[in-house]
Trainee: 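Here's a structure for you.
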Amino acid sequence: MTNPVIAAGSKVTMHFALRLESGEVVDSTFTGKPASFVVGDGNLPDAFEALLHGMKEGSAETFTVLPEQSFGQPNPQNVQELPRGQFDSEMALSEGLVVSFADKSGSELPGVVTAFDDERVTIDFNHPLAGKNLLFQVEILEVLDAD
């Protein structure tokens with residue numbers, strides 16, 4: 001019996017770590033429970049899944065993922081200046097503070113405060129990982145063929 005390789009529909013159990021080029025860990029399962037998913041179920045971005053295709057149980061690899069393959073480049077149009085009056089006067093603003101907004105459909109839209117003064121607040125709605133090269137480290141623990 002041959003070890004199945006990861007393909008569309010495969011059931012995969014793996015450890016992974018997502019790091020910035022500086023080595024800062026963004027997310028990791030290596031110190032906890034491994035991640036399990038079915039290839040194509042939407043739990044992992046398509047570009048990340050594509051890197052796993054062809055890997056087998058016991059495989060380990062670290063991939064460099066460019067912004068165009070992950071969260072894109074920052075879009076200057078996603079940085080907005082809002083009147084300070086739109087925020088609760090008791091809110092303690094600070095650079096880096098994540099503030100939740102509702103988009104037109106009512107879905108939650110997080111933004112990061114990048115600057116503020118008594119009159120204006122600058123909010124960046126770009127994904128925090130936009131524009132960053134990422135290191136995607138994986139260790140494949142189990143691969144089961146699609147049903």
Side-chain angles (χ1 to χ4, degrees), residues 6-144 146:
I6 296 176
S10 297
K11 295 177 183 174
V12 179
T13 301
M14 69 179 200
H15 276 299
F16 76 91
L18 193 61
R19 292 184 173 83
L20 301 178
E21 286 185 310
S22 66
E24 179 185 343
V25 177
V26 175
D27 195 7
S28 177
T29 65
F30 279 99
T31 58
K33 182 180 176 186
S36 293
F37 66 99
V38 174
V39 175
D41 69 2
N43 279 310
L44 199 60
D46 292 343
F48 288 81
E49 277 188 358
L51 296 169
L52 303 178
H53 281 251
M55 294 183 76
K56 296 180 180 182
E57 185 175 310
S59 298
E61 188 77 46
T62 300
F63 302 97
T64 298
V65 183
L66 301 176
E68 294 76 16
Q69 299 169 301
S70 57
F71 301 98
Q73 293 293 344
N75 180 344
Q77 293 180 345
N78 289 342
V79 179
Q80 303 289 317
E81 275 195 11
L82 304 172
R84 176 64 174 96
Q86 285 189 331
F87 297 83
D88 186 322
S89 62
E90 301 299 314
M91 179 182 273
L93 292 175
S94 61
E95 288 185 19
L97 177 69
V98 177
V99 181
S100 232
F101 297 85
D103 66 13
K104 291 178 184 176
S105 68
S107 298
E108 182 180 1
L109 182 63
V112 178
V113 175
T114 58
F116 64 96
D117 58 26
D118 290 339
E119 294 183 17
R120 315 271 323 146
V121 180
T122 304
I123 304 288
D124 186 348
F125 290 102
N126 285 294
H127 191 284
L129 298 177
K132 303 205 184 319
N133 290 340
L134 303 172
L135 300 176
F136 181 47
Q137 177 187 1
V138 298
E139 179 184 344
I140 307 302
L141 303 176
E142 184 178 52
V143 179
L144 300 174

Trainee: Checking T29 side chain against F16 main chain: does a donor-acceptor pair fall under 3.5 Å?
Mentor: yes
Trainee: For the pair R19 and T62, evaluate side chain to side chain contact (heavy atoms under 4.5 Å, CB included) and give the outcome as yes or no after the intermediate values.
Mentor: CA-CA 10 Å; R19 292 184 173 83; T62 300; over 6 Å; no
Trainee: Out of the candidates V112, L82, V113, T114, only one should pair with T122 under the side chain to side chain contact (heavy atoms under 4.5 Å, CB included) rule; please name it.
Mentor: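 Only match with T122 under side chain to side chain contact (heavy atoms under 4.5 Å, CB included): T114.
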Trainee: Kindly determine whether L141 and E139 satisfy side chain to side chain contact (heavy atoms under 4.5 Å, CB included), including the steps that lead there.
Mentor: CA-CA 6 Å; L141 303 176; E139 179 184 344; 3.7 Å; yes
Trainee: Test side chain to side chain contact (heavy atoms under 4.5 Å, CB included) on L93 and V121; report intermediate values, then the result.
Mentor: CA-CA 9 Å; L93 292 175; V121 180; 3.6 Å; yes
Trainee: Nearest heavy-atom pair of H15 and G32: which atoms, and what distance?
Mentor: CE1-O, 3.2 Å
Trainee: Parallel, tilted or perpendicular for F48 and F136, by the 30°/60° rule?
Mentor: perpendicular
Trainee: Show the nearest heavy-atom pair for residues S70 and V65, with the distance to one decimal.
Mentor: CB-CG1, 3.8 Å
Trainee: If we ignore hydrogens and angles and just use 3.5 Å, is the side chain of N126 paired with the main-chain N or O of N75 as donor and acceptor?
Mentor: yes
Trainee: Report the distance from atom CD of E61 to atom CG of L51, rounding to the nearest 0.5 Å.
Mentor: 9.0 Å
Trainee: Report yes if the side chains of P83 and R120 come closer than 4.5 Å at any heavy-atom pair, otherwise no.
Mentor: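 The answer is yes, as the side chains (C-beta and beyond) meet within the 4.5 Å cut-off.
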Trainee: Can a donor-acceptor pair be found, under 3.5 Å and without considering hydrogens, that links the side chain of E49 to the backbone of G40?
Mentor: yes
Trainee: Apply side chain to side chain contact (heavy atoms under 4.5 Å, CB included) to residues F71 and K132 and explain how you reach the verdict.
Mentor: CA-CA 8 Å; F71 301 98; K132 303 205 184 319; over 6 Å; no
